2 protein chains.
Amino acid sequence: MTKARMHVLESISRAKEPLSARQLCERYAQEHDPATIYRALHYLEEKGSLDSFILHCSEHGTERYYVVHAGEHRHWFHCEHCHRFTDLGLCRFDTLVDQMSKEKGLSVTSHTFYATGICKECRDKGF
Amino acid sequence: MTKARMHVLESISRAKEPLSARQLCERYAQEHDPATIYRALHYLEEKGSLDSFILHCSEHGTERYYVVHAGEHRHWFHCEHCHRFTDLGLCRFDTLVDQMSKEKGLSVTSHTFYATGICKECRDKGF
DNA sequence: TATATTTTGCAAGTCATTTGCAAATTTCGC
DNA sequence: GCGAAATTTGCAAATGACTTGCAAAATATA
Ligand SMILES: [Mn+2]
Ligand SMILES: [Mn+2]
Ligand SMILES: [Zn+2]
Ligand SMILES: [Zn+2]
């Protein structure tokens, strides 16, 4: 594995929350070109080492976020004040999604869910 | 209300599925500038007449889609073959979202959900 | 180690969306 | 209805998140 790909995978593995391409580009601005970071992310996701989702936040706009692929998929909460993520745990929507697909005759291959608002820490600080 | 705003609101009201800014720009290419369509969408959403969400599809990329605001919010399925939406009905996630927010101490102000895959019509045609 | 294959940096391009600004339209008071 | 004042529009340029062509650099293979 190349240095760029290792760097990207290491950062995402160590992070306790999803990371955006932008965050990785900033962190490795001295070592790698943004194009290389984007290509590394694509390579690692294609290879099955990473999962990603697109989320829109008022401050950072619409960006794709990456997490390590660990079998079951999780969902996340994004704080609109501190812009950190809170892990909502493993997906609990499978029953409802199955129910909705059966009702409408759909073949669902994936779903996207995220919640936004104010996280515990920010609310405790009065926001 | 101006002509551009009326056109945009009429199209979205008549549509049986969410419309993207791109679709509206195409439909009104002769009458209005894209900037005007975008500004009309912002105005109508701000005013509370429209709701929107961002969805990523492999063919059309990441775009914002608009529906008329009708009290309760609904969720949608997007077909990756014909790129039409199927209405999944009113949101059934409130209980689960409340449960997750309580567990983590979050103030959830909104959530995004959508499913993708192959719709009934496309599957019946063999896709 | 020499050669073939893959990856990288850089620069330019794409695409959805936004913005500055002067001209056109709409709103208001009469 | 009519003209000034406020708002909106079109056009062109900018933004920001990615993507891509291409030749050079790194890596794998023999
Ligand atoms: Mn954010
Ligand atoms: Mn589509
Ligand atoms: Zn927070
Ligand atoms: Zn379909």
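In what follows, chains are A, B, ... by sequence order, proteins preceding strands, each numbered from 1. Everything quoted here is computed from the prediction, not taken from an experiment.
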Fill in: Integer-rounded Å distance: dA17(D) P and H60(A) NE2
10 Å

Discussion item. I need the CZ-P distance between R5(A) and dT27(D), as an integer number of Å.
Written reply: 11 Å

Worksheet entry | Span of DNA chain C in contact with chain B (heavy atoms, under 4.0 Å) | dA16(C) to dT27(C)

Item to complete: State which residues pass side-chain hydrogen bond (donor to acceptor under 3.5 Å, both in side chains) with T2(B); sequence neighbours excluded, sorted by chain then number.
Response: none

Worksheet item: To the nearest angstrom, how far is Y43(A) atom OH from dC18(D) atom P?
Response: 21 Å

Discussion item. Using a strict heavy-atom distance below 4.0 Å, which residues from residues 18-42 of chain A are in contact with DNA chain D?
Written reply: R22(A), A35(A), Y38(A), R39(A), H42(A)

Discussion item. Return whichever of M1(B) or T62(B) has its heavy-atom-nearest nucleotide of DNA chain C closer to the 5' end.
Written reply: T62(B)

Discussion item. My understanding is that only residues two or more places apart in sequence, or in another chain, count here; which of them pass side-chain contact (heavy atoms from CB on, under 4.5 Å) with S13(A)?
Written reply: L9(A), V68(A)

Worksheet item: Who pairs with D98(A) by side-chain hydrogen bond (donor to acceptor under 3.5 Å, both in side chains), at least two apart in sequence or on another chain?
Response: none

Worksheet entry | Y114(B) and L55(B), any side-chain heavy atoms less than 4.5 Å apart | yes

Worksheet item: Any side-chain donor paired with an acceptor under 3.5 Å for S110(A) and T116(B)?
Response: yes

Worksheet item: Nearest-Å distance, NZ (K3(A)) to P (dA25(D))?
Response: 16 Å

Worksheet item: Starting at the 5' end of DNA chain C, which residue's closest nucleotide do you reach first, A4(A) or T2(B)?
Response: A4(A)

Practice prompt. Among C122(A), C57(A), C119(A), find the residue that satisfies the side chain to side chain contact (heavy atoms under 4.5 Å, CB included) test when tested with E80(A).
Written response: C57(A)

Worksheet entry | Distance in angstrom units between L55(A) CG and dA17(D) C1', rounded | 15 Å

Discussion item. Using salt bridge (Lys or Arg N to Asp or Glu O under 4.0 Å), reason through E121(B) and K125(B) one step at a time and then give a plain yes or no.
Written reply: CA-CA 6 Å; E121(B) 285 68 39; K125(B) 290 178 190 147; over 6 Å; no

Worksheet item: Going by the salt bridge (Lys or Arg N to Asp or Glu O under 4.0 Å) test, which pairs reach into residues 26-40 of chain B, not counting sequence neighbours?
Response: R22(B)-E26(B)

Worksheet item: Has R5(A) got its NZ or CZ under 6.0 Å from the middle of the six-membered ring of Y43(A), at an angle within 45 degrees of the ring axis?
Response: yes

Worksheet item: Which whole-number value in Å describes the distance from E63(A) CD to dT19(D) P?
Response: 13 Å

